[in-house]
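Working notes, structure below.
Any value given below was found using the heavy atoms of this structure, including those in side chains, with hydrogens, waters and symmetry copies removed. Here is the naming used below: chain letters follow the sequence lines, and residue numbers restart at 1 for every chain.
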2 protein chains.
Amino acid sequence: MSSLLGYSELMTSRPFHHGNLRVVLLERAEVMLREGGVDGLSLRELAREAGVSHGAPRSHFPDRQALLDALAERGFSRLTEDVRSALAGSGSLRHRLGRMAQAYVDFAVGDAALMELMFTTKTEGRTGPLQDAAVGLLEVLDDAMGPSADADASNSSRETFKLLFGATMQGIAALIASRRISRDQGNALVSEAMDVMLESQLGKQAVAQGSG
Amino acid sequence: MSSLLGYSELMTSRPFHHGNLRVVLLERAEVMLREGGVDGLSLRELAREAGVSHGAPRSHFPDRQALLDALAERGFSRLTEDVRSALAGSGSLRHRLGRMAQAYVDFAVGDAALMELMFTTKTEGRTGPLQDAAVGLLEVLDDAMGPSADADASNSSRETFKLLFGATMQGIAALIASRRISRDQGNALVSEAMDVMLESQLGKQAVAQGSG
DNA sequence: ACCTGAACACCGTTCAAGT
DNA sequence: ACCTGAACACCGTTCAAGT
């Protein structure tokens with residue numbers, strides 16, 4: 001039965017999680033999600049792995065959906081961070097946007113189940129931290145495109161460009177994740193999509209001033 | 001207890017499904033999917049609604065995943081049909097492709113849970129009827145673009161165009177389904193995406209000969 | 001405030017038995 | 001070939017009780 005215990009309390013039997021059970025659960029849930037998908041994520045098994053009773057998670061997450069929402073929120077934070085750092089380097093706008101797109105697809109493919117959680121929101125309400133996290137992602141794209149012109153028309157095309165950019169990356173990632181195209185084909189498709197968008201009227205209007 | 005019985009056998013007590021239990025299950029499962037999502041789809045409740053024992057579905061679907069796969073396959077058939085008929089009418093290529101994209105998004109939004117089932121395939125094998133059904137969808141797009149040039153370069157750009165077209169529609173549909181943009185914004189985005197793709201070098205190469 | 005452990009209703013899957 | 005019904009292991013959720 002000692003094999004059921006974690007590594008850090010082979011000596012002491014009881015005092016386990018001080019106040020960080022919540023994060024422990026989230027971290028273990030993330031790997032369970034990655035390994036077994038959403039269906040493979042069981043609250044009871046999660047509690048078992050954390051070394052607590054099956055009722056314990058209830059103190060931190062009212063139900064399973066609450067845990068799933070928290071995972072999605074953390075996912076958005078991590079994605080935003082990945083994308084932001086991919087964008088941070090030097091190079092032309094085209095190169096930086098390309099790196100960003102690549103980071104996005106990398107994340108989506110590497111954490112397909114989490115991505116599914118993030119983009120098939122079950123929650124009805126339009127407010128909440130989860131929506132904020134999603135908005136933050138678009139802001140990164142906004143920053144990358146440099147200062148915006150103050151004309152309304154330009155802002156409109158900029159919004160459209162951002163949405164189209166995000167939608168296209170999302171779609172390509174879905175194609176890869178569902179094994180309909182290979183990873184290499186996906187990378188080529190990302191590059192092609194970048195060209196198509198940047199050479200278009202919409203793209204030229206949207207990034208008129210942005211030249212890192 | 002008579003309330004548990006279906007409409008067609010208020011008189012006779014036993015002879016129920018002759019050999020069509022399979023389709024009955026699939027049809028009821030489709031509405032359960034639409035109403036309660038994938039999580040809300042229970043084999044036992046499905047059997048209950050169909051008026052058979054909980055073990056009966058086993059005769060037609062070895063396990064729950066097999067039912068889900070069958071649902072996805074039917075989904076592809078229906079999507080292909082919708083898209084094909086949207087494409088069938090008259091008008092310029094731009095208009096026909098626009099109608100097709102609209103039909104695609106309509107389907108994806110109206111049957112979001114089914115769409116999720118279709119595009120997050122759990123099956124590892126690359127063969128099988130499910131993959132065939134997905135391929136059929138791309139063939140419709142191929143037909144719409146008219147006869148292809150026999151040069152290899154042209155075929156390559158055509159393949160790329162089709163994938164990019166599909167990915168973009170998929171991404172826009174995901175944005176709508178996750179409530180991140182409204183239906184109207186989605187429609188506008190579809191239209192914008194069409195313009196961007198058709199005015200690009202890639203688009204011009206891909207549909208060089210296709211003019212309804 | 002946080003965790004335990006029994007209880008409840010539900011589930012997917014297996015399988016011997018019926019027709 | 002198709003369906004029934006008991007059995008098994010597992011699950012999410014609730015809740016009184018402990019500390």
Not counting sequence neighbours, which residues clear side chain to side chain contact (heavy atoms under 4.5 Å, CB included) with [X]? List them please.
{"X": "B:His60", "result": "B:Leu21, B:Arg22"}
{"X": "A:Ala112", "result": "A:Ala177"}
{"X": "A:Ala167", "result": "B:Ile172, B:Leu175"}
{"X": "A:Ala101", "result": "A:Phe165, A:Met169, A:Val190, A:Met194"}

Scan residues 164-175 of chain B for pairs that pass salt bridge (charged side-chain N to carboxylate O under 4.0 Å, His left out), counting only residues two or more places apart or in two chains.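 Those involving residues 164-175 of chain B do not exist here.
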Go through the structure and list residues passing side chain to side chain donor-acceptor pair (under 3.5 Å) with [X], not counting sequence neighbours.
{"X": "B:Glu30", "value": "B:Arg74"}
{"X": "A:Ser182", "value": "A:Gln185"}
{"X": "B:Arg183", "value": "B:Asp106"}

In a table with atom names and distances, give each donor-acceptor pair under 3.5 Å that connects a side chain of residues 79-87 of chain A to protein atoms at least two apart or in another chain.
unit_1  : atom_1 : unit_2  : atom_2 : d
A:Thr80 : OG1    : A:Phe76 : O      : 2.7
A:Ser85 : OG     : A:Glu81 : O      : 3.4
A:Ser85 : OG     : A:Asp82 : O      : 3.1

Identify each atom pair where a protein N or O and an N or O of nucleotides 14-19 of chain D are less than 3.5 Å apart, giving names and distance.
unit_1 : atom_1 : unit_2  : atom_2 : d
D:dT14 : OP2    : A:Arg58 : NH2    : 2.3

In which stems does DNA chain C show up, taking only runs of three or more Watson-Crick or G-U wobble pairs whose two distances fall under 3.5 Å?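 Stems for DNA chain C, defined as runs of 3 or more consecutive pairs: C:4-8 with D:12-16, C:12-16 with D:4-8.
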Of the listed nucleotides (C:dG12, C:dC2, D:dC3), which one gets closest to any side-chain atom of B:Leu43?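 From the listed options, C:dG12 comes nearest.
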Produce the list of close N/O pairs, under 3.5 Å, pairing protein atoms with atoms of nucleotides 8-10 of chain C; give distances to one decimal.
none

Please give, in whole Å, the distance from C:dT13 P to B:Leu46 CG?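 Going from B:Leu46 (CG) to C:dT13 (P), I get 13 Å.
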